[in-house]
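Working notes, structure below.
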Amino acid sequence: MTFEARELSPDRSVRDLFGAELRRHRELVGMSLRRLSDVVNYSKSQLARIEAAESLPYDDLPTKLDACFGTGELFARLHTLAKREPFPGKYRRVIGEIESRATVIEEYASATIPGLLQTRELAEESLRFGNPYASEAEVEALVEARIDRQALLDRPKPPRCWFILDEAVLRRPVGEPEVMRQQLSALIEAGTKPHLTLQVLPFAAGGHAEAGGSLMFYTLPHQPLTAYEEGSHSGTIIENQSDVAIRRENYDLLRAMALSPRDSEAMIRVAMEDWTPCEPPLT
């Protein structure tokens with residue numbers, strides 16, 4: 001099978017620029033990914049992901065690239081800037097351009113607490129799982145970026161928000177039990193905000209069309225409804241209105257299948273008890 005290089009977008013982010021410069025200098029000297037992998041002691045697949053801006057390189061690679069291509073400190077400097085970016089380029093449009101301007105945000109989460117509702121402790125645990133090779137500084141930057149997003153919920157005129165949480169996100173442990181207990185307590189508090197509605201989709205509701213991922217809708221002023229689907233390592237913006245309408249129908253069905261806000265709070269409180277440490281027996 002012939003390997004086809006992916007199209008790059010160097011103007012999208014510093015991470016993308018790093019990948020584009022890597023490919024440009026590699027091709028200037030006529031070096032294949034396989035040959036470069038031997039020189040810098042990285043696998044071909046790792047280098048391909050870095051070129052495509054799907055992965056940030058480890059701290060040792062930029063220096064190796066500068067030595068290999070004779071580029072001074074080009075890659076070292078790009079890497080320093082890329083690590084400061086709170087979101088990869090593929091998420092920047094959703095976070096920076098769409099979510100920040102939305103007047104209505106609706107989300108179904110099947111596997112984890114939505115980022116807009118996460119406590120700092122759960123965000124840190126989640127981001128460590130999702131970025132196992134990231135340095136402490138990188139994880140901290142990602143945590144700060146996630147927490148900063150939540151400021152839009154406390155604006156003088158916040159967006160109207162509707163969250164449907166699969167029961168699994170209440171039951172799956174992320175970090176220590178105390179992290180989960182505090183997170184569920186935060187959910188209960190969030191549910192008291194007048195502009196935010198929280199529902200739980202119980203296991204008893206059975207199967208449905210959106211199982212396995214997250215689905216979001218953004219209502220922006222004077223624009224058609226935008227949908228966004230996200231998996232563990234990728235996200236897709238959906239603007240074709242026929243495709244949006246199909247997912248809108250799926251979401252409305254989930255809303256009908258979910259518990260009422262009051263019953264949802266009751267289920268969260270029950271789940272919260274499961275994460276409360278038991279008192280030691282009296283002796």
Side-chain angles (χ1 to χ4, degrees), residues 4-13 15-16 19 49 52-54 86-118 130 145-146 149-150 152-153 155 157-169 190 195-261 264:
E4 293 185 7
R6 305 179 206 184
E7 183 178 350
L8 306 183
S9 303
D11 59 341
R12 190 168 58 178
S13 70
R15 184 184 302 220
D16 286 274
R49 288 196 298 272
E54 294 177 355
F87 303 107
K90 60 186 175 182
Y91 299 121
R92 184 167 294 108
R93 185 182 171 206
V94 176
I95 302 301
E97 300 177 23
I98 298 178
E99 182 179 88
S100 63
R101 296 192 297 116
T103 57
V104 181
I105 298 174
E106 299 163 281
E107 178 170 355
Y108 164 67
S110 69
T112 189
I113 302 293
L116 288 174
L117 299 178
Q118 288 183 7
R146 182 163 294 181
R149 283 174 57 201
Q150 299 174 5
L152 66 86
L153 299 181
R155 292 188 308 212
K157 190 175 182 180
R160 178 72 174 90
C161 296
W162 200 303
F163 295 97
I164 302 174
L165 310 182
D166 195 281
E167 185 178 348
V169 310
H195 62 278
L196 193 152
T197 299
L198 194 63
Q199 289 184 270
V200 174
L201 183 70
F203 292 142
H208 56 83
E210 295 298 331
S214 294
L215 174 63
M216 282 145 271
F217 294 96
Y218 298 100
T219 301
L220 279 72
H222 315 298
Q223 290 186 221
L225 185 65
T226 299
Y228 178 66
E229 288 181 328
E230 187 172 82
S232 57
H233 297 290
S234 63
T236 303
I237 297 173
I238 302 166
E239 295 175 289
N240 179 285
Q241 290 303 293
S242 295
D243 294 332
V244 171
I246 292 171
R247 288 158 179 82
R248 174 83 258 180
E249 182 177 350
N250 292 342
Y251 188 86
D252 288 342
L253 287 172
L254 290 176
R255 182 150 42 198
M257 295 162 63
L259 299 175
S260 69
S264 295

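- Under the 4.5 Å side-chain criterion, counting only non-hydrogen atoms from C-beta, Arg247 is in contact with Ile238.
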Give every donor-acceptor pair under 3.5 Å between a side-chain atom in residues 158-166 and any protein atom, sequence neighbours left out.
from, atom 1, to, atom 2, distance (Å)
Arg160, NH1, His195, O, 3.1
Arg160, NH1, Thr197, OG1, 3.2
Arg160, NH2, Thr197, OG1, 2.8
Trp162, NE1, Gln199, OE1, 2.8
Asp166, OD1, Ala168, N, 2.9
Asp166, OD2, Tyr108, OH, 3.0

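- Minimum heavy-atom separation, Ser214 to Ala109: OG-CA, 4.0 Å.
- With contacts defined as side-chain heavy-atom distances shorter than 4.5 Å, the pair Glu106/Arg255 qualifies.
- Nearest approach of Glu167 to Pro202, heavy atoms of both residues: OE1-CA, 3.4 Å.
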- Message: One pair to check against side chain to side chain contact (heavy atoms under 4.5 Å, CB included): Asn250 and His208. What are the steps and the verdict?
- Response: CA-CA 8 Å; Asn250 292 342; His208 56 83; over 6 Å; no
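- Inspection of the Tyr228 and Glu230 side chains reveals an N or O donor paired with an N or O acceptor under 3.5 Å.
- In this structure, Arg248 is positioned above the aromatic face of Phe217, its NZ or CZ under 6.0 Å from the six-membered ring centre and within 45° of the axis.
- For Gln223, the side-chain hydrogen bond (donor to acceptor under 3.5 Å, both in side chains) partners at least two apart in sequence or on another chain are Arg101.
- Side-chain N or O atoms of Glu229 include none that pairs as donor or acceptor with a backbone N or O of Ala227 at under 3.5 Å.
- The shortest distance between side-chain heavy atoms of Arg149 and Leu116 falls below 4.5 Å.
- By the salt bridge (Lys or Arg N to Asp or Glu O under 4.0 Å) test, Asp243 pairs with no residue at all, sequence neighbours left out.
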- Is there a side chain to side chain contact (heavy atoms under 4.5 Å, CB included) between Thr219 and Leu225 once you walk through the steps? CA-CA 5 Å; Thr219 301; Leu225 185 65; 3.4 Å; yes
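- Counting only heavy atoms from C-beta outward, the side chains of Leu117 and Leu198 approach each other to under 4.5 Å.
- For the pair Ile237/Ile98, a side-chain contact is recorded, criterion being any heavy-atom separation below 4.5 Å from C-beta on.
- Put simply, the side chain of Val244 does not reach to within 4.5 Å of the side chain of Pro224, judged on heavy atoms.
- To the nearest 0.5 angstrom, His222 atom NE2 is 9.5 Å from Thr103 atom OG1.
- The shortest distance between side-chain heavy atoms of Ile105 and Glu99 falls below 4.5 Å.
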